[in-house]
Amino acid sequence: MSAPDFFRGEVFDVAPRLLGWRIVSEVEGELTEVELNEVEAYNQDDPASHSYRGPRPGNEVMFGLAGLLYVYRSYGIHWCANVVCGPDGFGAAVLMRGGTAVTGHEVMMRRRGRVARLAQGPGNLAQAMAITGEHNGLDLFDPHSPVRLESANRLVPHLATPRIGISKATDRLWRFVPQA
DNA sequence: GAGCCGATATTCT
DNA sequence: GAATATCGGCTCC
């Protein structure tokens, strides 16, 4: 199983099409599903991207095949999950910044220690679904993978806004959220 | 609800 | 030594 063809296109075209998709996690034998409502695009020709300075230990996955999961540590504390995009050897990915819980509310509440905003925010999303650095590089379209993506089969009307928490290339409107 | 702040790993200067 | 694709707890409205 491999990613749909459009994942190999421009990352800023792929990102908005992921709104409404579901991430499915079966880590630790517990099922959780989240429907994406916030994503950001990061391109190789993009000073704000980890891939901007080329492949190096820790970001190689971003240069791999479209449809792989790229996980990195943020601020030394949080894990953040991305979907690799573009052709093989090109460093681009979509950061999954947040979504709404669909399945496994109890599991997510336990992992998060709260009942609200279970999967809103990239660090929170990863924590709720128990996604960590050990999942870096796995195939999101392999039915046997513990973390997978499921198509929404629809295009969600969306807005393009500035990305969060970056200081470079802030003029690129590559954060996508459903239109109000 | 807004604003400050500390925690902490990795990379870059 | 500084910066970072963050968060939650705290204060003070």
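Below, read A as the first sequence line, B as the second, and so on, with proteins coming before strands; counting in each chain starts at 1. All values reported here derive from a predicted model rather than from experimental measurement.
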Test side chain to side chain donor-acceptor pair (under 3.5 Å) applied to A/Q120 and A/N37, step by step: CA-CA 9 Å; A/Q120 208 62 53; A/N37 65 7; 3.0 Å; yes
Steps toward salt bridge (Lys or Arg N to Asp or Glu O under 4.0 Å) verdict (A/D46, A/R163): CA-CA 12 Å; A/D46 174 6; A/R163 292 176 288 179; 2.7 Å; yes
A/R154 and A/E35: CA distance, side-chain angles, deciding distance, salt bridge (Lys or Arg N to Asp or Glu O under 4.0 Å) verdict: CA-CA 13 Å; A/R154 67 194 164 93; A/E35 182 173 310; 3.3 Å; yes
Worked verdict on A/E38 versus A/F176 for side-chain contact (heavy atoms from CB on, under 4.5 Å): CA-CA 6 Å; A/E38 187 182 357; A/F176 302 96; over 6 Å; no
From CA spacing to verdict: salt bridge (Lys or Arg N to Asp or Glu O under 4.0 Å), A/R111, A/E28: CA-CA 12 Å; A/R111 287 172 178 158; A/E28 299 160 353; 3.3 Å; yes
Step-by-step side-chain contact (heavy atoms from CB on, under 4.5 Å) determination, A/R97 to A/V39: CA-CA 5 Å; A/R97 285 194 58 86; A/V39 298; over 6 Å; no
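Taken together through direct or relayed side-chain contacts under 4.5 Å among Ile, Leu, Val, Met, Phe, Trp and Tyr, A/W21 and A/M108 form part of one hydrophobic cluster. Tracing side-chain contacts under 4.5 Å through hydrophobic residues (I, L, V, M, F, W, Y), one never reaches A/Y70 starting from A/W79; they form parts of separate clusters. One hydrophobic cluster, built from ILVMFWY side chains closer than 4.5 Å, holds both A/V83 and A/M129. Cluster membership check: A/I166 shares its hydrophobic cluster with A/L95, using side-chain heavy-atom separations under 4.5 Å among Ile, Leu, Val, Met, Phe, Trp and Tyr.
One atom, CG of A/L118, and another, C1' of C/dG8, lie 15 Å apart when rounded to the nearest Å. Distance NZ (A/K168) to P (C/dA5): 8 Å, rounded to an integer number of Å. Here the P atom of nucleotide B/dA7 and the CH2 atom of A/W79 are 20 Å apart, to the nearest Å.
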Produce the list of close N/O pairs, under 3.5 Å, pairing protein atoms with atoms of nucleotides 2-5 of chain B; give distances to one decimal.
none

Show the distances under 3.5 angstrom between N or O atoms of the protein and N or O atoms of nucleotides 8-13 of chain B.
unit_1, atom_1, unit_2, atom_2, d
B/dT8, O2, A/Y75, O, 2.1
B/dT11, OP1, A/P57, O, 3.2
B/dC12, OP1, A/R56, NE, 3.0
B/dC12, OP1, A/R56, NH1, 3.1
B/dC12, OP2, A/R56, NH1, 3.4

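Aromatic rings from A/Y42 and A/H50 are positioned such that their centres are separated by 6.0 Å or more.
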Please table the atom pairs, donor to acceptor, closer than 3.5 Å between any side-chain atom in residues 4-17 of chain A and protein atoms at least two apart or in another chain.
unit_1, atom_1, unit_2, atom_2, d
A/D5, OD1, A/R8, NH1, 3.0
A/R8, NH2, A/A3, O, 3.1

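Atom C1' of C/dG9 sits at a distance of 22 Å from the matching atom of B/dA9, rounded to the whole Å. Annotation: C/dG8 and B/dT10 have their C1' atoms spaced 22 Å apart (nearest Å). Rounded to a whole angstrom, the distance from the P atom of C/dC13 to that of B/dC5 is 15 Å.
As judged by a 4.0 angstrom heavy-atom cut-off over every strand, A/N82 is placed among the base-contacting residues.
Of all heavy-atom pairs spanning A/V61 and A/L69, the tightest one is CG1-O, 3.5 Å. Across every non-hydrogen atom of A/L19 and A/P178, the tightest pair is CD1-N, 4.1 Å.
Near DNA chain C, meaning a heavy atom under 4.0 Å away, the residues from residues 83-113 of chain A are A/L95, A/R97, A/R112. Contact check of residues 40-52 of chain A against DNA chain C (heavy atom, cut-off under 4.0 Å) returns A/Y42, A/A48, A/H50.
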5'-to-3' dot-bracket of DNA chain C (Watson-Crick, G-U; under 3.5 angstrom; crossing pairs as [ ]; | other strand): ||||.|||||||.
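Heavy atoms from other residues, nucleotides or ligands lying under 6.0 Å from OH of A/Y52 number 12 at most.
A salt bridge is defined here as a Lys NZ or Arg NE, NH1 or NH2 lying under 4.0 Å from an Asp or Glu carboxylate O, and A/R148 with A/E33 fails to meet this definition.
Nearest nucleotide to the side chain of A/H78, out of C/dT6, C/dA5, C/dG8: C/dT6.
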